[in-house]
Amino acid sequence: MTHDDTAPVYGSAVTKVEPFGVDHIPDNERHGKPSSQFFVWFAAGLNFPIILLGFSAVGLGLSFGAAVAAIVAGAGLGSLLMAVMSRMGVRLGVPQQIQARGPLGFFGNFLPVAYINVFAGVGWAAVTVILGGKAIAELTHLPFWVCGLALTLVELVVSIYGYNMINFLQRVLTYVLTPLFVMITVVALVRGAGTFGADPKAPDYVGSTGGWITFGGWFLSFLVAWAPFASDYSRYLPDSPRVVGRTAWYTGLGNFVTICWLGILGVLLGSNATSTDSITALHQLTGPFAIPALIAIGLSALAQNFLNVYGGAISIQTLKVPVTRTQAVTLICALAYGISLWGHSGVEDKFSVFLNLTAYFIAPFATVLLLDYHLGGRSDPGRIAELYDRGRVLSWGFVAWAGGVVASVPFWQSDLYTGAFASAYPHAGDLSMFVAAAAAAVLYLLTYRLRPLWTRDVPATPGPRPEKTAAVAGS
């Protein structure tokens, strides 16, 4: 599970394929600066769909001030969640998916990871390939399948190289994408933007309070969807109080700035938007500057999907699927590309469905992990071995997670399913995430001191050495 040689196997080499999978990262492999987390998440947040989400404020009948307040609140809560979960990676040196084995059990962790990290991860990767592929197709006049394939191949190669390569390219993409998105902002504002008042006659109006909760919840959902991957990109950082604290600040800041920036821009432009199609809307907003704007969208797809593909591959290994990390990356890319070919029309609607359904399942998952870390003693590095103990089959955290999901079902608001409470009281807004998190918290607090639900005797086996991790499924 660990590698005790003094010389690092991987270190900070950017062009070396990462040898670790879901292993604990030993002290001699810890490297990097907390500021790296700012670039990882800032680049990932430079995302045109966030602008499209901002358009929705007008349809919900919110005033400009209420919409901005909702974005700040949603981004603030989501950034705080990301900050806390990122620091957990520094402290424990393992991916978030492996951390979940603590409260849920080794095998109890399989179901949430299979849905939250693998299924939803593939879905998000596909949505991102679609948006980036459509932008490149518009720019080059090549068929979508060619553009989507080109993006997927780049994501494949970078994700195989792994952690250091991703951190390096996220920094590069931050410097490249920031001026491009500043250009989009300036041009779009000049071409037509403005504030507006509340409109009770808006097509999707559900009341000022319900609309505010729903709108802010969408921005919170976007960051909640990243939460199960937060530690994946911080687990190599040196474990010291200074690094832990600064990692939290940089992670939170990187997420908060981009979500607020692009969300508020979308609100300003919403009153003049006449299309929900991402590329059409981009042309309307940027006019003669559409070419650099399309370049920005294509590159931003890479910044997002490096994380989706890499995190998805780690999740597959967490499920003990007998594949190497390289094979897992290839599988994620192939599935995402295949789905993108099937679903590249109407992607904006699919985006909103994924946004809701992933948040409904992830909110209680994140709640259980946070409570277990702070109340259940999981912050103790001395307990890391428990995360690789197959004898801890099922723990009460699984009940807390599942109970949170079930409790939220009557509150769901989705094109796929609308719950009984949501149907009866639409003016309350979408409360699903908050109900799921609250129910999971209550169930966790009632059960976390109890003995595990299911344990078994398993012969101790030595964990694989890091240099062999690329050839096995991981610990």
Side-chain angles (χ1 to χ4, degrees), residues 38-60 62-76 78-79 128 131-132 134-136 138-139 170-196 215-216 218-220 222-223 226 252-304 347-348 351 355:
F38 174 84
F39 296 102
V40 165
W41 298 111
F42 186 89
L46 290 174
N47 188 317
F48 191 70
I50 295 298
I51 299 177
L52 294 179
L53 281 182
F55 288 1
S56 305
V58 173
L60 288 168
L62 296 175
S63 69
F64 174 76
V68 170
I71 291 172
V72 172
S79 298
T128 305
L131 293 173
K134 288 175 70 175
I136 296 174
E138 185 74 15
L139 183 66
Q170 291 295 87
R171 180 184 291 266
V172 172
L173 285 170
T174 295
Y175 292 132
V176 172
L177 288 171
T178 298
L180 289 173
F181 272 90
V182 168
M183 186 256 340
I184 291 174
T185 301
V186 172
V187 172
L189 290 176
V190 169
R191 287 176 59 82
T195 60
F196 43 86
F215 187 66
W218 288 340
F219 291 89
L220 171 59
F222 189 84
L223 292 177
W226 281 124
L253 186 63
N255 284 289
F256 184 76
V257 170
T258 48
I259 299 299
C260 286
W261 169 16
L262 299 185
I264 294 172
L265 174 62
V267 172
L268 282 166
L269 299 168
S271 59
N272 292 322
T274 59
S275 176
T276 58
D277 179 84
S278 56
I279 302 304
T280 301
L282 187 67
H283 272 287
Q284 291 174 348
L285 296 176
T286 56
F289 296 90
I291 290 178
L294 289 167
I295 293 172
I297 304 307
L299 291 176
S300 70
L302 294 175
Q304 297 160 60
V347 65
E348 289 75 19
F351 168 73
L355 195 63

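- In this structure, the separation between CZ on Phe222 and CG on Asn255 is 9.0 Å, given to the nearest 0.5 Å.
- Atoms CG and OG1, on Leu268 and Thr195 in that order, are 8.0 Å from each other to the nearest 0.5 Å.
- Summarising the geometry, atom CD1 belonging to Ile259 is positioned 11.0 Å from atom CD1 belonging to Ile264; distances are rounded to the nearest 0.5 Å.
- Minimum interatomic distance between Ala43 and Leu177 (heavy atoms only, all atoms of both residues): O-CD1, 4.4 Å.
- To the nearest 0.5 angstrom, Met183 atom CE is 6.5 Å from Thr286 atom OG1.
- Screening Leu285, Ile184, Leu265 against Leu189 for a side-chain contact (heavy atoms from CB on, under 4.5 Å) leaves a single residue, Leu265.
- Nearest approach of Glu138 to His283, heavy atoms of both residues: OE2-NE2, 3.2 Å.
- Between Phe289 and Val190, every side-chain heavy-atom pair lies at or beyond the 4.5 Å cut-off.
- Looking at heavy atoms from C-beta onward, Thr258 lies out of side-chain contact with Ile50 at the 4.5 angstrom threshold.
- Minimum interatomic distance between Val267 and Ala67 (heavy atoms only, all atoms of both residues): CG1-CB, 3.8 Å.
- Interatomic distance, CD1 of Ile71 versus CH2 of Trp261, reported as 14.0 Å (0.5 Å rounding).
- Proximity of the aromatic rings of Phe181 and Phe48 is defined here by a centroid distance below 6.0 angstrom, and this criterion is not met.
- Taking the six-membered ring where tryptophan is involved, the planes of Phe38 and Phe42 are essentially parallel, since the angle between them stays under 30° and well short of 60°.
- Distance CG/Leu180 to CG/Leu173: 10.5 Å, rounded to 0.5 Å.
- In this structure, Gln170 contributes its side chain and Ala303 its backbone to a donor-acceptor pair below 3.5 Å.
- In terms of modelled atom types and a separation under 3.5 Å, the side chain of Ser56 and the main chain of Leu53 share a donor-acceptor contact.
- Residues Gln304 and Leu46 share a closest heavy-atom pair of NE2-O, 4.1 Å.
- The heavy-atom pair separating Ala281 from Leu52 by the smallest distance is CB-CD2, 4.1 Å.
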- Take Phe256 and Val72 through the test side chain to side chain contact (heavy atoms under 4.5 Å, CB included) and record every step on the way to the result. CA-CA 8 Å; Phe256 184 76; Val72 172; 4.1 Å; yes
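- Nearest heavy atoms, Leu269 versus Phe55: CB-CE1, 4.0 Å.
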